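Please read these numbers as outputs of a predicted model, since none were measured by experiment.
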Amino acid sequence: MLFNLRILSNNAALRNGHNFMVRNYRCGQPLHNEVRLKGRDLLTLKNFTGEEIKYMLWLSTDLKFRIKQKGEYLPLLQGKSLGMIFEKRSTRTRLSTETGFALLGGHPCFLTTQDIHLGVNESLTDTARVLSSMTDAVLARVYKQSDLDILAKEASIPIVNGLSDLYHPIQILADYLTLQEHYGFLSGLTLSWIGDGNNILHSIMMSAAKFGMHLQAATPKGYEPDPSIIKLAEQYAKENGTKLLLTNDPLEAAHRGNVLITDTWISMGQEEEKKKRLQAFQGYQVTMKTAKVAASDWTFLHCLPRKPEEVDDEVFYSPRSLVFPEAENRKWTIMAVMVSLLTDYSPVLQKPKF
């Protein structure tokens with residue numbers, strides 16, 4: 001059955017996340033797609049090409065439209081199970097993964113440090129092999145990226161990074177989906193990061209240039225991104241003809257930026273550094289003063305949870321803030337990740353503009 005649906009192109013629709021670029025939607029007949037991610041690990045976006053990342057966003061748009069807008073039931077993960085290892089607490093990562101995996105017919109199993117203590121009561125190698133025999137994939141939220149690397153090496157099933165000290169790839173997928181829905185494209189946007197040189201910034205640095213996006217990042221002295229990640233990001237910028245600016249001046253980073261982005265100044269495990277960090281990050285709060293030097297169409301992102309010292313209420317609750325659509329898109333993007341790694345499903349919607 002063929003449905004001729006109009007492209008939702010008005011500004012209100014864009015802001016509400018309905019820019020699905022829908023053309024000739026044919027039920028049950030996936031469009032041709034050459035990207036194949038089945039069986040892969042998602043440890044960092046460094047390991048994925050621009051086309052592969054775009055595919056995951058395309059699939060996110062497809063699932064969101066078919067399930068949320070059309071009300072379809074898609075049991076794409078029926079009979080599959082997911083092991084969820086959480087060394088750190090979580091709201092969005094846990095909820096989006098559990099509800100999303102279940103919505104697709106799968107069974108998520110949540111494991112805390114009271115259930116499984118990586119590398120303590122059992123080696124990472126043994127844990128990886130046991131989980132491989134009982135589940136179809138593992139999402140792990142851990143302190144050390146090296147633990148994920150070992151799990152991926154020893155497991156025979158896909159391992160997904162739910163957050164580590166170095167990267168948070170699934171958050172960035174949600175960010176990019178949110179921006180694509182709002183602007184209708186990603187190429188040419190300037191991302192302005194103001195905050196810590198942390199796992200979120202690292203993940204942006206490993207992917208933004210692949211979309212043709214520019215990055216201007218301000219971090220306090222002593223809190224810059226990892227040097228090895230800077231080196232690779234510079235290479236990506238050169239290969240893709242994009243701009244990469246690293247500075248200690250928040251207003252310089254915000255200058256003509258389309259998207260103002262920040263994150264927590266004190267990540268889990270850094271609580272003892274709170275006093276020192278609060279002092280170091282003075283002047284890094286995102287306010288309307290920051291926005292005045294940004295582009296006229298500026299928007300704001302924050303992966304949450306948010307503290308007032310990071311961004312004031314005027315910006316956080318303004319119409320320019322996309323933080324709550326961003327949070328919802330954690331669900332659609334993690335669903336797309338799981339479907340792409342575990343099935344042969346291809347999107348049925350026209351590929352969005354990136």
Distance-only, no hydrogens or angles: does the N248 side chain make a donor-acceptor pair with backbone N or O of T219 under 3.5 Å?
-> yes
How far does CG of L301 sit from CG of L179, to the nearest 0.5 angstrom?
-> 5.0 Å
Any side-chain heavy-atom pair from D62 and V348 closer than 4.5 angstrom?
-> yes
Between E51 and K54, is there a salt bridge with N-O shorter than 4.0 Å?
-> yes
Anything under 30° is parallel, anything over 60° is perpendicular, the rest tilted; go ahead and classify Y55 against W58.
-> perpendicular
Keeping the roles fixed (side chain from D136, backbone from S81), state whether a donor-acceptor pair exists under 3.5 Å.
-> yes
Audit row: K153, D41, salt bridge (Lys or Arg N to Asp or Glu O under 4.0 Å) steps and yes/no | CA-CA 10 Å; K153 179 182 177 183; D41 299 311; over 6 Å; no
Carefully, step by step, assess I200 and W193 under the rule side chain to side chain contact (heavy atoms under 4.5 Å, CB included).
-> CA-CA 10 Å; I200 300 289; W193 176 270; 3.5 Å; yes
Please say whether the positively charged group of R94, taken as NZ for Lys or CZ for Arg, lies over the ring of F110, i.e. under 6.0 angstrom from the six-membered ring centre and within 45 degrees of the axis.
-> yes
Closest non-hydrogen atom pair, P325 against L322 = CD-O, 3.2 Å
Just wondering, do F48 and L42 contact through their side chains at under 4.5 Å, heavy atoms?
-> yes
Counting distance only, does the side-chain N/O of R66 pair as donor-acceptor with the main-chain N or O of E72 below 3.5 Å?
-> no
D226 and S228: side chain donor to acceptor below 3.5 Å | yes
Under the 3.5 angstrom rule, does the side chain of H168 hit a backbone N or O of N199 as a donor-acceptor pair?
-> no
Determine whether Q180 and P352 make a side-chain contact, defined as any pair of heavy atoms from C-beta on separated by less than 4.5 Å.
-> yes
In a check of side chain to side chain donor-acceptor pair (under 3.5 Å) between N329 and each of T61, T178, D175, which one passes?
-> T178
K210 side chain vs L45 backbone, donor-acceptor pair below 3.5 Å | yes
So, for L173 and L57, which heavy atoms are closest and what is the spacing to 0.1 Å?
-> O-CD2, 3.3 Å
Answer yes or no: are there more than 12 heavy-atom neighbours, outside R256 itself, under 6.0 Å from its atom CZ?
-> no
Check ion pair K88-D165 (N to O, under 4.0 angstrom) | no
Side chains of T287 and D312: is there a donor and an acceptor less than 3.5 Å apart?
-> no
What is the minimum heavy-atom distance between T290 and L251, and which atoms define it?
-> CA-CD2, 4.0 Å
For the residue pair F300 and H302, categorise the inter-ring angle as parallel (less than 30°), tilted (30 to 60°) or perpendicular (more than 60°).
-> tilted
Flag for T262-E310: side-chain donor and acceptor within less than 3.5 Å | no
Hey, does I172 have a side-chain heavy atom less than 4.5 Å from the side chain of Y167?
-> no
Counting N and O atoms only, with roles assigned by atom type, does the side chain of R141 sit under 3.5 Å from a partner on the main chain of R89, one being a donor and the other an acceptor?
-> yes
How about Q279: does its CD atom have over 12 heavy atoms from other parts shown lying under 6.0 Å from it?
-> no
Parallel, tilted or perpendicular: which describes the rings of F281 and W265, with under 30° parallel and over 60° perpendicular?
-> parallel
Of the non-hydrogen atoms in R92 and C303, which two are nearest, and what is the gap between them?
-> NE-O, 3.5 Å
Backbone of S132 reached by a side-chain donor or acceptor of T135 within 3.5 Å | no
Which heavy-atom pair separates L148 from A140 by the least distance, and what is that distance?
-> CD2-CB, 3.6 Å
Checking S192 side chain against Q216 main chain: does a donor-acceptor pair fall under 3.5 Å?
-> no
Hey, is the main chain of L201 close enough, under 3.5 Å, to the side chain of N198 for a donor-acceptor pair?
-> yes
May I ask you to decide if G222's main-chain N or O and E224's side chain share a donor-acceptor pair within less than 3.5 Å?
-> yes
Minimum side-chain heavy-atom gap K38-T343 below 4.5 Å | no
Rounded to the nearest 0.5 angstrom, the CD-OH distance for Q78 and Y73 is 5.5 Å
Smallest heavy-atom separation, A294 atom then G257 atom, equals CB-O, 3.4 Å
Between the side chains of S164 and Q145, is a donor N or O closer than 3.5 angstrom to an acceptor N or O?
-> yes
Judged by modelled atom types alone, do T44 and N47 share a side-chain donor-acceptor pair under 3.5 Å?
-> no
To the nearest 0.5 Å, atom CD1 of I170 lies from atom OG of S96 at 6.0 Å
